[in-house]
Chemist: 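Structure below; questions to follow.
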Amino acid sequence: MTAKTTRNKGGTDYTRGVSREQRAINRRNRLESSLLSSQSYLPSDHAAYKAYHNFEDNLSAIAVQRFGEPFREGSIVAFEEKSFGGIIKPGQLTYPVSTDYAEDVSSWVVAIALFDGDKMLFACSGIPIPHGRTRQRLTRFVTSAHLVTQFNQNRNKDDKLRVAVRLPDNTATDGFLGLYDKDIAVVTCLDFLEVCPIDLDHKAKPFPGGCLKAAGRAFNSGSLMAMRGSLYQKRPLEPRNTWVSDSQDISKAVLGGPLLGWDNNIVGMSLDIYDSGDANLRYTFLPMDILCKCLKHFQILNPKKDFRGYALPRDVLSVVPSGFMQTICRLKSHGYPIPPPLVLEFNGRLLNHFEECFGELLPWKGFPYGDPPGGSEKCVWNQLPKEVVTDVSRRVVSLASFNGYVRSFACTSLLIKLGSNAKQTVILTSASLVRDCCNEDIIDDSLTIEVFLPPNQRAGGTLEFYNLDYNIAIVSLKKNFNAICPDDIFTESAKNSSKKVIAIGRDAKFGILMAASGEMKCGNRGCKLDCKDVQLSTCKIKKAGIGGPLINLNGSFVGMNFYDGSGVTPFLPRHKIVKVLSQVNSLPSECGYNHPMPINVIGGTKKGNQKNNRWPVPKPYWYHSELQANVHALGKHIGRRLN
């Protein structure tokens, strides 16, 4: 597969011929555009393009202000590499692989450097580790976490820091910083490089009183260096695993390099330079058995089948790649999971997010960002009378709940008339909007609610009533909206013999209306929701359509839509919603009662101590086919065994 083909399919960006910085910008732009909707949205008109990017830049600036960290104006002074010990020529330093074979150390120790443009900011060494079982051919190196410390300290507003790896054949290739903890960091390169990974099952330990050899590679010269040393007898309050150089050479190039025992077996990896306060500086190191445990804890050698429910291992962090700080801040503001390592750089996709559009899109009058993408359907809105489309645009709103600055949920909702005199205007939506993220059997009354009716009407919302069994919530507006047309769902419309229906949603970001057509189905077979009163339609919607109305071709309310990812759309029929809401007349907030109030339905679906119906919503997760486990891989990928 060519680089161009892979790029067009959303795979890894192997593009050459443009600058490294431009490739990073292209990857970031493609990712951010994928978060807008299920289709790529790039306005062709110049004025619309400018307005769109101003809108995006403003959202990014707000997210960075709330979730980002302050950057320095520029990187610090250039780093000067220092040599240590003596230069080791090929074949001069070997370690035993078996009783009759020894491996050349110079064939696998690499140098890793941090750059801002052409200015070197730091350099150390690295050790290759097993490839793992991803479909994508990758070579990984473990090194000192001091590299990440320098990366974070030197990060600046340009956000163009890069990592390079100098291989034993003196060629250099791009590296990607990923996972790290307080001791080690992992750098990944594309393809299987000509280096032999170490065997992580080897558990050699330094011999007390025995001599040590510390190896490392200089980045600029590519030379392998080594110096002799010995274990340092620990004093109280000093690091546990420490060694001291016989020559007192101090160089950061040795960090991340292997530490060899008296028999040339690898006994650990040098981590950092330790200043004890006396005249001598020492090195800390990580023994091989602990290094092995750390790498296995990172879960990179045997990844899961997919990234559903992915979370960083305990005490493990992930580097925010250069050029992606705004993206990460936007993800945090939306409450989305942080992507696994390399997923951003390699054009991974976030699935099941609230910005996915569906059906035919209908922008509001005066929409300044150009024509929206065509959507997955055509000629849906033309099936409705013009007056119905107008009414829909004035009664369907977008809702979002927030925990502080972090969005918790987003959905569609319907303005309806409530009460015996039908004079109160409230919002009918899904109770998923306000469910507790850790316990779906309760609501989170600390959430704030925002209501949006394009083009520019926004207001806070107050949760008044809810019924978790039927997943219904009633929200009131904290200020009145103009030119609205609330639906009277309590008045039954004329019977419609047609099974054709249309599911309506409103985009969570721009407020664009969405409509998907389909037909009502008999029964609810195939539905993932366990409420027996739920019915199904063949309309295909996304998460943004949750809480939106299902209407017939006359515009009459048929029910409220939900989404379970099954390919059909579950909905709660109108008569069930009316049955629930008929229990209430006035809003608790207007009567001085505590709110929100649960609505108890006589003769509901629960019996005795039976639990509420489950209303699961597919959670967002990251996807990249090449970075997930290759289920067809056979055997265990290990390096040469060190005897």
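This is a predicted model, so every value here is computed, not measured.
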Chemist: Could you pull out the closest heavy-atom pair between Arg314 and His297, with the gap in Å?
Modeler: O-NE2, 2.8 Å
Chemist: Taking all non-hydrogen atoms of both residues, which atom of His353 and which atom of Leu350 are closest, and how far apart?
Modeler: CD2-O, 2.9 Å
Chemist: Evaluate the side-chain contact (heavy atoms from CB on, under 4.5 Å) criterion for residues Leu260 and Val105: first the C-alpha distance (whole Å), next the side-chain angles of each, then the deciding distance (0.1 Å), finally the verdict.
Modeler: CA-CA 10 Å; Leu260 308 177; Val105 175; 4.2 Å; yes
Chemist: Got Phe346 and Leu138 here, is their nearest side-chain heavy-atom distance under 4.5 Å?
Modeler: yes
Chemist: Spell out, as yes or no, whether a donor-acceptor pair under 3.5 Å connects the side chain of Asn154 to the backbone of Gln150.
Modeler: yes
Chemist: Would Val195 and Phe141 count as a side-chain contact (heavy atoms from CB on, under 4.5 Å) if you check the C-alpha gap in whole Å, the side-chain angles of each, and the deciding distance to 0.1 Å?
Modeler: CA-CA 10 Å; Val195 288; Phe141 302 92; 4.0 Å; yes
Chemist: Just by modelled atom types, is the Ser125 backbone N or O under 3.5 Å from a matching donor or acceptor in the Thr143 side chain?
Modeler: yes
Chemist: Do any N or O atoms from the side chain of Asp181 and from the backbone of Asp183 form a donor-acceptor pair under 3.5 angstrom?
Modeler: yes
Chemist: Judged by atom type as modelled, is there a donor-acceptor pair below 3.5 Å linking the side chain of Ser251 to the main-chain atoms of Lys82?
Modeler: yes
Chemist: In sequence, state the C-alpha distance, the side-chain angles, and the governing distance for Glu81 and Arg166, and then conclude on salt bridge (Lys or Arg N to Asp or Glu O under 4.0 Å).
Modeler: CA-CA 14 Å; Glu81 279 190 300; Arg166 177 77 66 186; over 6 Å; no
Chemist: So, for Ile184 and Met269, which heavy atoms are closest and what is the spacing to 0.1 Å?
Modeler: CG2-CE, 3.6 Å
Chemist: Drop me the distance from Leu342's CG to Ser318's OG, to the nearest 0.5 angstrom.
Modeler: 8.5 Å
Chemist: For residues Asn352 and Tyr621, determine if any side-chain heavy atom of one lies less than 4.5 Å from a side-chain heavy atom of the other.
Modeler: yes
Chemist: Check whether any side-chain heavy atom of Lys619 lies under 4.5 Å from a side-chain heavy atom of Pro337, and answer yes or no.
Modeler: no
Chemist: Which heavy-atom pair separates Gly222 from Asn170 by the least distance, and what is that distance?
Modeler: CA-OD1, 3.5 Å
Chemist: Please confirm whether the backbone N or O of Leu286 pairs with a side-chain atom of Asn241, one donor and one acceptor, at under 3.5 Å?
Modeler: no
Chemist: For a 4.5 angstrom cut-off between non-hydrogen side-chain atoms, does Val617 reach Phe409?
Modeler: yes
Chemist: Check step by step if side-chain contact (heavy atoms from CB on, under 4.5 Å) holds for Val267 and Trp262.
Modeler: CA-CA 10 Å; Val267 297; Trp262 64 273; over 6 Å; no
Chemist: Under 3.5 Å, side chain of Thr139 to main-chain N/O of Leu193, donor-acceptor pair present?
Modeler: yes
Chemist: Taking distance alone, no hydrogens or angles, what donor-acceptor pairs closer than 3.5 Å link side-chain atoms of residues 85-94 to residues at least two apart or in another chain?
Modeler:
unit_1	atom_1	unit_2	atom_2	d
Gln92	OE1	Lys89	N	3.0

Chemist: Give the ring-plane orientation class for Phe307 versus Tyr310, where under 30° counts as parallel, over 60° as perpendicular and anything between as tilted.
Modeler: perpendicular
Chemist: Short question: side chain of Ser60, backbone of Glu56 - any donor-acceptor pair under 3.5 Å?
Modeler: yes
Chemist: Is the backbone N or O of Leu255 less than 3.5 Å from a side-chain atom of Ser270, with the two atoms forming a donor-acceptor pair by type?
Modeler: no
Chemist: Evaluate the side-chain proximity of Leu177 to Pro321: yes if any heavy-atom separation is below 4.5 Å, no if none is.
Modeler: no
Chemist: For residues Phe176 and Val319, determine if any side-chain heavy atom of one lies less than 4.5 Å from a side-chain heavy atom of the other.
Modeler: no
Chemist: For Thr242 and Arg282, work out which heavy atoms get closest and say how close.
Modeler: CG2-CB, 3.5 Å
Chemist: To the nearest 0.5 angstrom, please state how far the CZ atom of Phe285 sits from the CG atom of Leu291.
Modeler: 11.5 Å
Chemist: Can we say Asp289 and Lys293 salt-bridge, meaning some charged N sits less than 4.0 Å from an Asp/Glu carboxylate O?
Modeler: no
Chemist: Parallel, tilted or perpendicular, judged at 30° and 60°: which one describes the rings of Tyr405 and Phe67?
Modeler: perpendicular
Chemist: Are the side chains of Ile328 and Pro339 in touch, meaning some heavy atoms are under 4.5 Å apart?
Modeler: yes
Chemist: Whether the side chain of Thr284 engages the backbone of Asp272 through a donor-acceptor N/O pair (distance < 3.5 Å, no angle test) should be reported.
Modeler: yes
Chemist: Are Arg140 and Ile300 side-chain neighbours, meaning at least one heavy-atom pair lies under 4.5 Å?
Modeler: yes
Chemist: So, taking the atom named CD1 in Ile250 and the one named CZ in Phe84, what distance separates them when rounded to the nearest 0.5 Å?
Modeler: 11.0 Å
Chemist: Could you tell me which residues satisfy ring pair (Phe, Tyr, Trp, His ring centres under 6.0 Å) with Phe122, sequence neighbours excluded, listed by chain and number?
Modeler: Phe79, His146
Chemist: Please determine whether side chain to side chain donor-acceptor pair (under 3.5 Å) holds for the pair Asn264 and Lys213, giving the CA-CA distance in whole Å, both sets of side-chain angles, and the decisive distance to 0.1 Å.
Modeler: CA-CA 8 Å; Asn264 284 354; Lys213 300 184 190 74; 2.9 Å; yes
Chemist: To the closest 0.5 Å, what do you measure between CZ (Arg162) and OG (Ser322)?
Modeler: 10.5 Å
Chemist: Please report the shortest heavy-atom distance between Ala214 and Leu259, naming the atom on each side.
Modeler: CB-CD1, 3.8 Å
Chemist: Could you check whether the rings of Phe354 and Tyr336 sit parallel, tilted or perpendicular, using 30° and 60° as the cut-offs?
Modeler: parallel
Chemist: Applying side-chain contact (heavy atoms from CB on, under 4.5 Å), run through Gln136 and Thr188 and close with a yes or a no.
Modeler: CA-CA 11 Å; Gln136 175 66 53; Thr188 305; over 6 Å; no
Chemist: Do the ring centers of Phe219 and Phe115 come within less than 6.0 Å of each other?
Modeler: yes
Chemist: How long is the gap from OG on Ser245 to OH on Tyr232, to the nearest 0.5 Å?
Modeler: 14.5 Å
Chemist: Using the salt bridge (Lys or Arg N to Asp or Glu O under 4.0 Å) definition, which of the options Arg349, Arg407, Arg330 pairs with Glu355?
Modeler: Arg407
Chemist: Test your reading of the model: is there a side-chain donor-acceptor pair from Arg228 to the backbone of Asp246, 3.5 Å cut-off?
Modeler: no
